[in-house]
Amino acid sequence: MFHTQLEWLNTLKPNFKVLPLKDRLLCGVGALLGLAISSLISWYVLGDFNAWYIAPMGASSVLLFAVPASPLAQPWNMVVGNIIAGVIGVTCAMFISNQTEAFSIAVATAIFLMMTTDSLHPPSGAVAITAVLGGDSIHQLGYNFIFYPVLLNSVLLLAVAIIFNRLLGKQYPQVAQVNTRSKDPTPTQKVTIQPQDIQEVLEQQTQLLDISEYDLQKIILQAQEKASARVVTQFLCEDIMSKDVMSLQENDNIHHALDQFKKVNLMSLPVINVQQELVGTLALYDVVEWFKRAADPRASWEHMVKQIMNRKVVTVQPQQDIQDLVPYFVERSFNYIPVVEQHRLVGIISRADMIAALQQQINSLKSLKN
């Protein structure tokens with residue numbers, strides 16, 4: 001009997017990922033900092049006003065710090081949703097004497113308008129109720145309630161959330177689409193699942209899903225890549241990399257670097273230091289830009305490779321699977337990726353290397369089918 005009850009209770013639980021302890025603690029710390037900082041600033045701005053912070057911000061902090069990837073947690077949703085709820089709530093409080101009717105109509109109308117403007121934010125429902133049931137101090141504000149404390153609280157909490165999530169390496173607000181270069185599907189999407197496919201399926205849904213098309217698309221493509229990887233023979237980076245690597249020294253003269261580009265007919269080269277450690281890359285584009293600003297007195301100090309190179313370099317390990325490289329060559333049009341071991345440059349994998357390896361995998365797959 002007890003076991004049956006437990007099984008029934010499990011059916012009520014959401015199919016939701018439980019984050020590791022560290023991530024759960026960071027979500028709590030983010031909410032703590034966000035609410036503390038924004039409330040202190042609100043108190044400083046509004047002084048002794050006893051409604052300087054409103055309870056719905058606690059609900060907003062759950063979204064902003066625990067699930068920042070949710071469409072409901074985006075800045076547009078929080079700011080516009082709270083403004084709409086504030087306007088409707090104050091209006092209902094002014095013109096409907098029965099409080100039960102007032103806050104019920106306010107929440108219902110706010111939900112409709114938020115869904116119409118694509119700004120659905122669940123805590124905004126509590127903003128509408130607060131405007132009705134907040135007491136004399138709230139009612140005396142009238143429509144000023146929308147600007148303070150609602151808009152003030154929202155903007156401050158949102159600013160802390162953006163900074164905190166960025167410090168943790170999370171993309172917030174969310175990027176709108178995978179392909180930032182054009183409106184066309186990315187090369188991977190053209191031969192697999194396209195955004196239009198996902199959009200058509202979602203349009204047939206009768207309920208909202210708390211996940212963006214962009215995130216759903218990424219999850220599907222990554223799962224598809226893993227499924228494909230199980231079918232073919234695996235290559236490691238060390239299997240296909242070129243070990244005889246043409247590179248530049250960080251202290252090389254820029255004119256010398258240009259001569260190297262002429263010799264090898266490449267668009268970019270890795271840059272190493274005296275310890276053979278990879279410290280950056282120099283693209284021919286960077287050299288061209290240097291020549292264009294050479295007449296500028298402010299750029300006269302630039303004469304070495306290290307002064308104009310790009311220090312942010314995507315690298316891979318020798319034992320890494322080549323499937324990890326596909327997004328860089330396909331989606332971001334990389335020409336090559338350096339292979340690094342203990343910070344030392346040990347090889348290079350070019351786009352041609354990847355094409356040859358993938359062709360071999362296709363041939364292997366054909367052989368298995370035959």
Side-chain angles (χ1 to χ4, degrees), residues 169-171 175 177-182 184-195 214-248 260-261 264-273 276-286 309-368:
K170 297 179 182 179
Q171 180 66 50
V175 178
Q177 59 176 10
V178 173
N179 192 357
T180 57
R181 292 179 296 169
S182 74
D184 293 328
T186 66
T188 298
Q189 293 164 353
K190 289 176 183 176
V191 295
T192 55
I193 298 172
Q194 297 189 14
Y214 169 67
D215 288 325
L216 184 59
Q217 183 180 321
K218 284 199 304 182
I219 292 170
I220 292 173
L221 289 176
Q222 289 171 5
Q224 193 170 55
E225 287 176 6
K226 287 185 175 293
S228 300
R230 288 195 297 268
V231 179
V232 297
T233 304
Q234 296 295 303
F235 283 111
L236 301 179
C237 291
E238 63 181 0
D239 297 328
I240 67 170
M241 71 182 187
S242 300
K243 297 179 181 179
D244 184 18
V245 182
M246 173 69 72
S247 61
L248 299 170
Q260 294 297 97
F261 279 116
V264 296
N265 192 29
L266 293 174
M267 297 303 293
S268 63
L269 287 169
V271 181
I272 59 176
N273 58 20
Q276 302 299 308
E277 296 173 334
L278 184 70
V279 293
T281 59
L282 182 69
L284 185 57
Y285 168 84
D286 297 321
M309 70 181 184
N310 180 12
R311 298 180 181 274
K312 294 182 179 179
V313 188
V314 173
T315 64
V316 293
Q317 299 287 325
Q319 296 295 319
Q320 197 165 338
D321 196 292
I322 66 167
Q323 296 294 332
D324 298 340
L325 281 62
V326 172
Y328 296 104
F329 285 113
V330 175
E331 311 294 350
R332 298 173 62 180
S333 300
F334 277 30
N335 292 310
Y336 71 85
I337 298 179
V339 184
V340 174
E341 189 170 30
Q342 295 181 348
H343 304 294
R344 291 170 63 88
L345 180 66
V346 295
I348 286 287
I349 297 178
S350 67
R351 188 181 298 171
D353 295 325
M354 282 294 296
I355 292 173
L358 294 175
Q359 178 62 43
Q360 178 61 36
Q361 291 183 335
I362 292 172
N363 293 337
S364 299
L365 184 57
K366 287 180 179 178
S367 300
L368 289 173

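The first residue of the sequence shown is numbered 1, and numbering continues consecutively from there. Only this structure's heavy atoms are used, side chains among them; waters, hydrogens and symmetry mates stay out.
If you take OG on Ser268 and CG on Asn310, they are separated by 10.0 Å, rounding to the nearest 0.5 Å. For the atom pair CD1 (Ile337) and OG1 (Thr281), the distance works out to 11.5 Å, reported to the nearest 0.5 Å. With rounding to the nearest 0.5 angstrom, the CZ atom of Phe235 is 10.5 Å from the CE atom of Met354. Once rounded to the nearest 0.5 Å, the distance linking CD1 of Ile272 with CG of Leu345 reads 6.5 Å. For the atom pair CG (Asp353) and CG (Leu358), the distance works out to 10.5 Å, reported to the nearest 0.5 Å. In this structure, the separation between CG on Leu325 and CZ on Arg351 is 12.5 Å, given to the nearest 0.5 Å.
By the side-chain hydrogen bond (donor to acceptor under 3.5 Å, both in side chains) test, Gln319 pairs with Glu238, sequence neighbours left out. With sequence neighbours left out, the side-chain contact (heavy atoms from CB on, under 4.5 Å) criterion links Asn273 to Glu250, Gln275, Glu277, Val279. Residues that satisfy the side-chain hydrogen bond (donor to acceptor under 3.5 Å, both in side chains) test with Ser247, not counting sequence neighbours, are absent from this structure. Residues satisfying the side-chain contact (heavy atoms from CB on, under 4.5 Å) test with Asp286, not counting sequence neighbours, are Leu282, Ala283. Not counting sequence neighbours, the partners of Thr315 by the side-chain contact (heavy atoms from CB on, under 4.5 Å) test are Leu278, Val313, Pro338, Val340. Residues satisfying the side-chain hydrogen bond (donor to acceptor under 3.5 Å, both in side chains) criterion with Asp324, sequence neighbours excluded, are Gln320. In this structure Gln317 satisfies the side-chain hydrogen bond (donor to acceptor under 3.5 Å, both in side chains) test with no other residue, sequence neighbours excluded.
When all heavy atoms of Leu236 and Pro318 are compared, the closest pair comes out as CB-O, 3.9 Å. Between Ile348 and Pro270, the shortest heavy-atom distance links the atoms CD1-CG, 4.2 Å.
Heavy-atom neighbours of Gln342 CD from other residues, nucleotides or ligands within 6.0 Å: at or below the threshold of 12.
Pairs engaging residues 315-337 under the ring-ring contact (aromatic ring centres under 6.0 Å, His included) rule: Tyr328-Phe334 [sequence neighbours left out].
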